[in-house]
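Working notes for the structure below.
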Protein chains: 2
Amino acid sequence: MNNELFSAWLNLTKYHDRLLKAMDCTLQEQFQLGIKEFYLMYYLAQSEQKKMKLSDLVPKVGLSHSALSRLVTRLEQYRGGSLVERQTYANDKRSIDVFLMKKGEHYIHEMEMVINDHLQSRLSEKDIQNIKRLVE
Amino acid sequence: MNNELFSAWLNLTKYHDRLLKAMDCTLQEQFQLGIKEFYLMYYLAQSEQKKMKLSDLVPKVGLSHSALSRLVTRLEQYRGGSLVERQTYANDKRSIDVFLMKKGEHYIHEMEMVINDHLQSRLSEKDIQNIKRLVE
DNA sequence: AAAAAATGTTTGCGCATGCATGTAATATTT
DNA sequence: AAATATTACATGCATGCGCAAACATTTTTT
């Protein structure tokens, strides 16, 4: 077995997991929301009209249809008030639009700042360069 | 928000997830075992006596004590025969050693080859260099 | 126009996880 | 030596996940 290659993979996994868990923890503590919740809202915030069809979110967020459906439900029922809203999509009543509500917009901006700080403080300039190179 | 930094992070996550899911899928198909199962057995195979204390495996595999305990149970009850065995640790009867059985050793060798091929075929030389740089 | 196939979402189910707790064994204090 | 605290693992429980099936709404076929 080519141990070099496998070791490199193992290290990448550990590196990524460590960063991810720390970030998830931070978000959980400060907002009672996880990374997946963040991703969903992030893509909505990026979108033109602050809404996207559920099925378009699937490949973005990286969850199954069912998981995403329930994720939306959780965000609708967020303790402090809905962050997101289901809207029926007029052109095709099978679809739904997931709409980012005002409260959600506010949250996502705060979360972005927290995440940015989090990354800034944990990644060296060298790391950042390497990450960029890796995925370009 | 520093979008460059965040984008780099997002891409790293997607890159890693894609590789990880594909690998998990391969192992699931060929061995009806997942990545975590592989990691556990891999560390046992690396160890001097093909056994490690449960608590020493926790930081290696990256799961909680409880999850690891159940993972061992699953490997003990593997359909085709136990891959792993619980052994009481004489010096401290609270501890257990997780021991890699012959069948498990056989499996782990095959899995290593599959994973190595998997990585070889999916990572370019450039990727490999970058990964190594990232985690050194 | 009715029947069949396809599409988008939700729901039922089983599984793996982490947290909190339980239990047994060992270490420390008094 | 008895009482207390700590350690190592197992277990009950709630949660989030993916798969498969159900459901509702188009679209295509006949």
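Chain identifiers are assigned alphabetically (A, B, ...) following the order of the sequence lines, protein sequences preceding nucleic acid strands; residue numbering begins at 1 within each chain.
Note on residues 113-124 of chain B: no pairs pass salt bridge (charged side-chain N to carboxylate O under 4.0 Å, His left out), not counting sequence neighbours. The stretch residues 57-68 of chain A participates, sequence neighbours left out, in these side chain to side chain donor-acceptor pair (under 3.5 Å) pairs: Ser64(A)-Ser66(A).
Atom CD of Gln77(B) and atom C1' of dA10(D) are 13 Å apart (whole Å).
Counting 5' to 3', DNA chain C first comes under 4.0 angstrom of a heavy atom of chain B and last does so at the ends given by dA16(C) to dT26(C).
For the residue pair Glu105(A)/His109(A), the side-chain donor-acceptor check at 3.5 Å is not satisfied.
No donor-acceptor pair under 3.5 Å is formed between the side chain of Asp24(A) and the backbone N or O of Leu20(A). The backbone N or O of Lys126(A) sits nowhere less than 3.5 Å from a side-chain atom of Gln129(A) that would complete a donor-acceptor pair.
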Filtered N/O pairs between nucleotides 25-28 of chain D and protein, under 3.5 Å:
{"unit_1": "dT25(D)", "atom_1": "O2", "unit_2": "Arg94(A)", "atom_2": "NH1", "d": "3.3"}
{"unit_1": "dT26(D)", "atom_1": "OP1", "unit_2": "Lys93(A)", "atom_2": "N", "d": "3.2"}

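When the salt bridge (charged side-chain N to carboxylate O under 4.0 Å, His left out) test is applied to Arg70(A), no partner is found at least two apart in sequence or on another chain. Applying the salt bridge (charged side-chain N to carboxylate O under 4.0 Å, His left out) rule to Glu85(A) yields no partners; only residues at least two apart in sequence or on another chain are considered. Every residue was checked against the salt bridge (charged side-chain N to carboxylate O under 4.0 Å, His left out) condition with Lys14(B), not counting sequence neighbours, and none meets it. Tyr78(B) is linked by a ring-ring contact (aromatic ring centres under 6.0 Å, His included) to Tyr107(B), counting only residues two or more places apart in sequence or in another chain. Looking at residues two or more places apart in sequence or on another chain, you find a side-chain hydrogen bond (donor to acceptor under 3.5 Å, both in side chains) between Glu76(A) and Arg86(A). Applying the ring-ring contact (aromatic ring centres under 6.0 Å, His included) criterion to His16(A), with sequence neighbours excluded, gives Trp9(B), His16(B).
For the contact set between residues 54-74 of chain A and DNA chain C, defined by any heavy atom under 4.0 Å, the members are Leu54(A), Ser55(A), His65(A), Ser66(A), Ser69(A), Arg70(A). Taking a 4.0 Å limit (strictly below) on heavy-atom distances, residues 16-34 of chain B does not reach DNA chain C anywhere.
Leu71(A) and Met101(A) fall into different hydrophobic clusters, where Ile, Leu, Val, Met, Phe, Trp and Tyr residues are linked whenever their side-chain heavy atoms come under 4.5 Å apart, directly or through other members.
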